[in-house]
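Below: the structure, in structure tokens.
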Amino acid sequence: VASDTELSAMRRAIAISTAALGTTNPNPTVGAVILDQSGTTVGEGVTQPVGGDHAEVVALRAGADRARGGTLVVTLEPCRHVGRTGSCSAAILAAGITRVVYALGDPHDPASGGADQLRTAEVEVEAGLLADEAAAVLGPWTLALGRGRPHVSWKYAATLDGRTAASDNTSRWITGDEARIDVHRERYLSDAVIVGIGTVLADDPQLAVRDWPARRQPTRVVVDSDARTPLTSRVLDDVAPTLVVVAEGADATRVTALEEAGADVVALPRSGAGVDLAALLAALHDREIYLGLLEGGATLAAAFVRAGFVDRVVGYYAPTLLGAGVPLLTDLGIATMADAMRLKLDDVARIGDDVRIVAQVMTGSV
Ligand SMILES: NC(=O)c1ccc[n+]([C@@H]2O[C@H](COP(=O)([O-])OP(=O)(O)OC[C@H]3O[C@@H](n4cnc5c(N)ncnc54)[C@H](OP(=O)(O)O)[C@@H]3O)[C@@H](O)[C@H]2O)c1
């Protein structure tokens, strides 16, 4: 059973990892604390940007000789695989750590098993400490790795009566500056921002991180069966990488033109209303895109919801009415209240003069 000191150390590990969110993608943002034999903190660390050290190694280095015989408290099971960096379980054994307490298991196939390796080497291992709190930081990443598809947050801005654009298609700006800054933070935390071609044609959005101090740029993904993305689109500028996802058989000349304009183009099978969404998510996962932010529009978002590919909804509501206009979602095929999709309310916040509602889609609700 974990001691009070270990509980405090886990809280600290979660806090320092929360502060580092967005700096470690596509790696998980992990926090680690080293306690010496008397329970004094002698080192702490968070995952370094890609190619740098994992949290455990940073903390062990800080603890140096004082780590010997001590305890490692860490938000994610230490990895045992050698990827871009060395294995953490080997580093832990080399440092002489005798007890490891972690919050969440590592779902990553080649990596999982770190705990077993430590146990085999007679390190005492305890799993599951503050797992729910740690999942608030790492949950989307562990879900993505476990399921082999990105975790998807669907974000939209709407009027109080649920319109995302007026009937003449104008949609700028429904919400105010603070909400826009908040959206840029959501983008910054994501590996990709995903839109349908309808949104690119209607709004010509840039989809980059601008109004947020740290400007890590997610990949912009346009779902565009027939390669209709105009070559003058802002998503094709050089501010961030862009992936245009077309259907197999899309016009080769247009595909080449998009590639010459700097986009990466991938062709996937057709299914239903366009590109096969399961194939799309698998292709994103292959590119180490684990956290996706779906930014519309109503047609693509409804297809994602119907397929069960939305995990979290972030809605910004402006105290504005439009009456007629573009709906939030097109038809979901739900005809009666008993079949309504019920989400779990996570958070409600006032953002400037707008309201942000965050809800989670529970597995099995679609
Ligand atoms: N306020 C907001 O938050 C917000 C955000 C975004 C958009 N909007 C508004 O929404 C409107 C655009 O929405 P939209 O519904 O026309 O376009 P959309 O959802 O952005 O794009 C829909 C298009 O995506 C393509 N697509 C490819 N694969 C698909 C699949 N499996 N399922 C569904 N679609 C697929 C289809 O075109 P192809 O067949 O050519 O591939 C489809 O017509 C604009 O008025 C815009 O201002 C508002």
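Counting starts at 1 for both ligands and their atoms, following the listed order.
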ask   = Heavy atoms under 4.0 Å from ligand 1: which residues qualify?
value = Tyr156, Ala157, Thr164, Ala165, Asn169, Ser171, Ile174, Gly196, Ile197, Gly198, Thr199, Ala202, Asp203, Val223, Asp224, Ser225, Arg228, Ala273, Gly274, Val275, Leu277, Glu295, Gly296, Gly297, Ala298, Thr299, Leu300, Ala303, Val326

ask   = Is there a side-chain contact between Leu243 and Leu284 (heavy atoms, below 4.5 Å)?
value = yes

Pair listing, salt bridge (Lys or Arg N to Asp or Glu O under 4.0 Å) test, anchored in residues 132-157, at least two apart = Arg147-Asp311, Arg149-Asp311, Lys155-Glu295

Check: residues 54-71 side-chain donor-acceptor pairs under 3.5 Å, at least two apart:
unit_1	atom_1	unit_2	atom_2	d
His54	NE2	Thr85	OG1	3.4
Arg61	NH2	Asp53	OD2	2.3
Arg68	NH2	Ala94	O	3.2

task = Return yes if a side-chain donor-acceptor contact under 3.5 Å exists between Thr24 and Thr29, otherwise no.
result = yes

task = Mind checking ring pair (Phe, Tyr, Trp, His ring centres under 6.0 Å) for Tyr317 and listing every partner two or more places apart, or none if nothing turns up?
result = Tyr156

Working for side-chain hydrogen bond (donor to acceptor under 3.5 Å, both in side chains), residues Thr330 and Thr299 = CA-CA 6 Å; Thr330 58; Thr299 309; 4.9 Å; no

